[in-house]
Number of protein chains: 2
Amino acid sequence: MPPMHRAKAAPARSGLTAFEREVIEHFVEISRALGQPRSLAEIYGLLFISPRPLAMDDLIERLQISKGSASQGLRFLREIGAVRPVELDGDRRVHYEAVAELRRLAGRFLSDQLAPRVAGNERRLARLAERVGELPETHRKHAEARLTMLQSWHRNTRRILPLVIKLLGD
Amino acid sequence: MPPMHRAKAAPARSGLTAFEREVIEHFVEISRALGQPRSLAEIYGLLFISPRPLAMDDLIERLQISKGSASQGLRFLREIGAVRPVELDGDRRVHYEAVAELRRLAGRFLSDQLAPRVAGNERRLARLAERVGELPETHRKHAEARLTMLQSWHRNTRRILPLVIKLLGD
DNA sequence: CCAATGGTTCAATCCAAAATGAACAAATTA
DNA sequence: TAATTTGTTCATTTTGGATTGAACCATTGG
């Protein structure tokens with residue numbers, strides 16, 4: 001069969017405007033700093049800048065991501081309250097719009113992602129406090145001092161987190 | 001030369017006490033939240049709990065990490081001021097001790113790791129503000145509203161960062 | 001009832017960041 | 001000077017989290 005000159009590619013250039021791409025890039029950068037996967041940021045970013053709710057299909061097509069990524073990404077964003085499902089009549093597909101209140105977003109993120117870690121740290125510090133007594137005399141004093149420091153740092157963190165939430169959402 | 005029966009293995013079980021391991025684990029958890037590689041946290045953690053400065057050799061042996069990791073890790077920690085080189089007489093190797101002032105640590109981390117990103121975001125927002133005018137009438141209004149939001153979020157962030165630093169180091 | 005559509009799940013794959021270790025350089029000691 | 005010690009660099013390898021896509025389920029419509 002002659003090669004034909006190809007339908008192979010049509011790399012499907014993204015169907016995103018330059019403006020949209022840049023807005024999305026903004027969210028990608030932020031999500032990196034928060035240690036979240038890129039596809040989440042892409043989905044949220046596109047919904048954020050879109051003037052009307054989008055269905056999963058739209059996200060797959062415009063962002064060129066897989067069904068799996070789209071489905072999982074939307075689930076996560078729904079769970080943390082960053083995205084809200086919307087029913088559009090005449091279409092059985094669920095559409096989504098971005099929740100854009102920073103206070104709510106930050107609060108959810110902190111309580112869902114950070115709080116569990118903070119709790120884990122707290123437990124570990126408690127364990128350490130118990131065991132510091134069993135240490136050989138030589139190192140005990142130093143270990144106790146360091147442990148006190150860790151506890152103080154931890155208290156600082158706990159104190160500041162709620163404050164940050166409050167300040168963010170004004 | 002006959003093989004001699006060797007010093008091949010002795011897998012060198014970690015030479016870390018349970019207590020040390022747990023302290024190190026604490027730092028590993030924290031560094032994860034900050035998106036830093038595990039080996040950094042291990043190095044800092046061991047130095048933090050060690051009552052006296054350690055040489056690179058010690059870190060390699062006790063943490064079972066490679067020379068490369070140790071060297072690069074120490075370089076990074078030195079750069080952000082988390083670790084301080086110490087000269088011990090009678091030993092030409094450089095030893096290191098942990099810098100344990102939280103204020104300094106947090107400040108450095110924020111200004112080295114976060115500030116550049118924040119600056120990047122700022123530039124991007126400026127570009128977006130320029131281009132929003134060229135948008136087709138239909139979407140312009142919505143895009144402008146969203147952009148205003150992004151700018152406000154950004155201002156919030158800038159406002160809060162220095163405050164967090166101040167509050168952390170009391 | 002069957003076919004088509006919308007959506008989820010999860011094992012396999014991909015990939016970027018981290019870790020390794022060999023090669024190298026510089027300082028030290030014998 | 002040669003041999004050893006201390007440390008850095010960087011090309012390769014490893015690894016874990018992100019992404020994919022095939023298999024599957026549920027609902028709707030013909």
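Residue numbering restarts at 1 for every chain, and letters A, B, ... go by the order of the sequence lines.
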### Query
Does a nitrogen or oxygen in the side chain of B:Ser66 sit under 4.0 Å from OP1 or OP2 of C:dA19?
no
### Message
Out of the candidates A:Asp58, A:Val99, A:Val83, only one should pair with A:Leu47 under the side-chain contact (heavy atoms from CB on, under 4.5 Å) rule; please name it.
### Response
A:Val83
### Nearest heavy atoms of B:Ala98 and B:Tyr44, plus distance in Å
CB-CE1, 3.8 Å
### Query
Could you state the CG-C1' distance from A:Leu40 to D:dT20, rounded to the nearest angstrom?
15 Å
### Message
Please evaluate residues A:Gln151 and A:His154 with respect to the criterion side-chain contact (heavy atoms from CB on, under 4.5 Å), reporting the C-alpha separation (whole Å), side-chain torsions for both, the decisive distance (0.1 Å), and the verdict.
### Response
CA-CA 5 Å; A:Gln151 284 162 339; A:His154 187 256; 5.5 Å; no
### Message
Any salt bridge linking B:Glu79 with B:Arg108? Criterion: basic side-chain nitrogen under 4.0 Å from a carboxylate oxygen.
### Response
no
### Query
Considering only C:dG7, C:dG21, D:dT6, which nucleotide approaches the side chain of B:Asp57 most closely?
D:dT6
### Summary
With B:Glu122 as partner, the option from B:Arg127, B:Arg117, B:Arg158 fulfilling side chain to side chain donor-acceptor pair (under 3.5 Å) is B:Arg158
### Query
What's the CG-C1' distance between A:Leu59 and D:dT19, to the nearest Å?
16 Å
#### Entry: Minimum-distance nucleotide to B:Gln72 side chain [options: D:dT9, C:dG6, C:dT8]
D:dT9
### Task
In whole angstrom, give the distance that lies between atom CD of A:Gln64 and atom P of D:dT19.
15 Å
### Query
Within the pair B:Ser39 and C:dA18, is there a side-chain N or O less than 4.0 Å away from OP1 or OP2?
no
### Task
Find out if a path of hydrophobic residues (ILVMFWY) with successive side-chain heavy-atom gaps under 4.5 Å connects A:Tyr96 to A:Val86.
no
Check: protein-nucleotides 23-30 of chain C nitrogen or oxygen pairs below 3.5 Å:
none

### Task
Taking only the side-chain heavy atoms of A:Arg75 (C-beta and beyond), determine which of C:dT9, D:dT19, C:dT20 contains the nearest atom.
C:dT9
### Task
Round to the nearest Å and state the distance from A:Asp91 atom CG to C:dG7 atom C1'.
13 Å
### Message
In this structure, how many angstroms lie between the C1' atom of D:dT19 and the CD1 atom of A:Ile43, rounded?
### Response
11 Å
### Query
Out of D:dT9, C:dG7, C:dT20, which nucleotide sits closest to the side chain of A:Met56?
C:dG7
### Message
Can you identify which nucleotide, out of C:dT20, C:dA17, D:dT9, has its nearest atom closest to the A:Arg32 side chain?
### Response
C:dA17
### Query
Roughly, in whole Å, what's the span from CG in B:Asp58 to P in D:dG7?
10 Å
### Summary
Of the candidates C:dA18, D:dT19, C:dG7, the side chain of A:Arg38 sits closest to D:dT19
### Task
Provide, to the nearest angstrom, the distance between the CD1 atom belonging to B:Ile60 and the P atom belonging to C:dA19.
14 Å
### Query
Closest heavy-atom contact between A:Leu46 and A:Ile24?
N-CG1, 3.8 Å
### Query
Which listed nucleotide (C:dA18, C:dG7, C:dT20) is nearest to the side chain of B:Ile65?
C:dT20
### Query
Where each residue is assigned the nucleotide of DNA chain C containing its nearest heavy atom, which of A:Arg93 and A:Ser69 is assigned the position nearer the 5′ end?
A:Arg93
### Summary
Taken to the nearest whole Å, CD/B:Glu42 to P/C:dA18 is 13 Å
### Query
Any ion pair linking B:Arg38 and B:Glu42 (charged N to carboxylate O, less than 4.0 Å)?
yes
